[in-house]
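Reviewing the structure listed below.
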Amino acid sequence: MPELPEVETTRRGIAPSLIGKAITEVRIRNGKLRWPVDYQLPEFLPGQTLLALERRAKYLLFRFEHGVLIGHLGMSGSLRIVPQAHPPQTHDHIDLVFGEQALRLRDPRRFGAMLWHSGDPMQHPLLSHLGPEPLQDTFNGDTLYQSLRTRQAAIKLAIMDAHIVVGVGNIYASESLFLAGIRPTTPAHRLSRARCTRLAEAIKTILSRAIEAGGSSLRDFFHADGQSGYFQQQYAAYARTGEACRHCNTPIRQIQQGQRSTFYCPKCQR
DNA sequence: AAATAATCCTGCGGGC
DNA sequence: TGCCCGCAGGATTATT
């Protein structure tokens, strides 16, 4: 499931071979993603050069000469560079062809998106109200503390809210709270400034680590034509229900918060 | 404004 | 072997 590190890994993996190249063809085999893909894409995109590939939250921004393609991988999406003529498999919905190479979107669950927007992407309704990027200085202990002051909700839910900070999904929310030693059920506004600093740092550390891990497997990931999937990280809490905490051996506990599973160590996290 | 629930969709594992 | 069921999950949208 792509969280911010996987999206960033994807961006870094595909950018070098595509930037500066022009689209020669667009193939839409199934445009029924989260929102219908503009069926006129194959008409107006060819001929345009990819100027830059950026990321905002978990959105990928493909900047072209006359607009931007806003991509999202949803829960099951992946982007791969394949030979242009490579036979598509089930769930390979869209090809952006750049000469002999194609950028292929695969998304079994079709929660992803591919939206054309002419104009400033940051003004797009999906992007305009987003909170700070976790790896930038605009997100730190002080800003986190301030944004949590009015929040009664559990801290796990708060850090998964894109108004507070973007890019923290279910997996890394549990991992960050474990690293910070904070119980996921703690009401957000009860966290001291010091604990907010600790948590902000933990989020940065966890996400950075995951990006590095992704980077180390980039070569395998992008040159494999099978589906090796994303680099599997060693998690401290996530999906380790009943297993021994790596620090104190206490069994990891699993609870439900907001219809999502949360994992934590009842001893290390208070 | 904030909290909660419903929703989109498919693959997979467990139980029988 | 195969069917049914529950679960997984990002983020928008609607509702309270």
Side-chain angles (χ1 to χ4, degrees), chain A residues 1-11 29-37 55-61 70-79 88-94 105-115 117 121-134 144 146-177 184-191 203 206-207 210 226-230 232-233 235 237-242 252 254-263:
Chain A
M1 51 235 65
E3 292 201 25
L4 186 146
E6 287 81 0
V7 176
E8 178 63 17
T9 296
T10 297
R11 189 190 70 78
R29 282 177 290 272
N30 186 349
K32 285 189 282 186
L33 302 186
R34 180 174 186 113
W35 296 281
V37 178
R55 180 188 58 73
R56 174 72 172 106
K58 295 177 192 169
Y59 293 95
L60 286 168
L61 309 179
I70 301 173
H72 197 289
L73 298 178
M75 292 185 36
S76 58
S78 61
L79 285 167
Q89 295 180 295
T90 323
H91 308 309
D92 286 344
H93 304 311
I94 298 177
L105 173 68
R106 177 184 178 79
D107 187 2
R109 279 170 244 186
R110 290 191 276 119
F111 280 20
M114 195 63 85
L115 297 171
H117 186 250
M122 299 308 171
Q123 303 302 316
H124 191 282
L126 290 173
L127 305 184
S128 60
H129 299 298
L130 292 175
E133 281 289 325
L144 179 59
Q146 283 306 324
S147 60
L148 294 183
R149 295 205 57 118
T150 60
R151 295 305 207 105
Q152 316 282 312
I155 185 60
K156 157 85 164 4
L157 296 172
I159 60 175
M160 289 181 68
D161 183 334
H163 298 286
I164 306 288
V165 58
V166 301
V168 181
N170 201 43
I171 296 175
Y172 297 122
S174 281
E175 292 299 295
S176 299
L177 287 164
T185 50
T186 309
H189 70 285
R190 293 263 167 74
L191 289 190
I203 289 171
I206 290 291
L207 294 179
Q227 43 276 314
S228 51
Y230 294 103
Q232 272 304 307
Q233 278 229 242
Y235 298 126
Y238 182 80
R240 298 195 65 240
T241 313
I252 295 294
Q254 175 176 359
I255 59 172
Q256 296 297 119
Q257 290 183 289
Q259 283 104 283
R260 293 287 182 271
S261 292
T262 299
F263 306 86

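- Distance NE2 (A:His129) to P (C:dT12): 10 Å, rounded to an integer number of Å.
- When the P atom of C:dA11 is taken as reference, atom CG of A:Leu130 falls 9 Å away, rounded to whole Å.
- Checked by distance alone, A:Arg260 brings a side-chain donor or acceptor within 3.5 Å of a matching partner on the base of C:dG10.
- Taking atom OH on A:Tyr172 and atom P on C:dA11, their separation rounds to 13 Å, with Å as the unit.
- When the side-chain nitrogen and oxygen atoms of A:Thr150 are compared with OP1 and OP2 of B:dA2, one or more of them lie within a distance under 4.0 Å.
- Of the side-chain N and O atoms in A:His72, one or more sit less than 4.0 angstrom from OP1 or OP2 of C:dA11.
- Smallest separation of non-hydrogen atoms from A:Asp107 and A:Leu73: OD2-O, 4.1 Å.
- Contact between the side-chain N/O atoms of A:Arg109 and the OP1/OP2 oxygens of C:dG10 is not found at any separation under 4.0 Å.
- In this entry the distance linking CD of A:Gln256 with P of C:dC7 reads 8 Å, nearest Å.
- In terms of modelled atom types and a separation under 3.5 Å, the side chain of A:Gln257 and the main chain of A:Thr262 share no donor-acceptor contact.
- Residues A:Gly258 and A:Ser147 both approach DNA chain B. Their nearest nucleotides, taken by heavy-atom distance, put A:Ser147 toward the 5′ side.
- Within 4.0 Å of A:Leu157, counting heavy atoms only, lies no atom of the nucleic acid at all.
- What separates CG of A:Asn30 from C1' of B:dC8 is a distance of 13 Å, to the nearest Å.
- Checking the phosphate oxygens (OP1, OP2) of B:dA3, no side-chain nitrogen or oxygen of A:Gln152 falls inside 4.0 Å.
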Practice task
Take A:Leu4 and A:Val168 through the test side-chain contact (heavy atoms from CB on, under 4.5 Å) and record every step on the way to the result.
Solution key: CA-CA 7 Å; A:Leu4 186 146; A:Val168 181; over 6 Å; no
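- Phosphate proximity of B:dC9 to A:His91: absent, as no side-chain N or O sits under 4.0 Å from OP1 or OP2.
- Listed candidates were B:dG11, C:dA8, B:dA3. Nearest to the side chain of A:Gln254 is C:dA8.
- Rounded to an integer number of Å, the gap from CE of A:Met160 to P of C:dA11 is 8 Å.
- The side-chain heavy atoms of A:Val37 and A:His93, taken from C-beta on, include no pair separated by under 4.5 Å.
- Following rounding to the nearest Å, A:Trp35 (CH2) and C:dG10 (P) show an atom-to-atom distance of 15 Å.
- Closest to the side chain of A:Phe111, from the set B:dA6, B:dC8, C:dT12, is B:dC8.
- To the nearest 0.5 angstrom, A:Arg56 atom CZ is 9.5 Å from A:Leu61 atom CG.
- Among the atoms of the strands shown, only primed sugar atoms or phosphate atoms (P, OP1, OP2) are found under 4.0 Å from some heavy atom of A:Arg110.
- Using a 4.0 Å cut-off, some side-chain N or O of A:Ser261 falls inside it from OP1 or OP2 of C:dA8.
- Here C:dA11 presents its C1' atom at 8 Å from NZ of A:Lys58, a figure rounded to the nearest Å.
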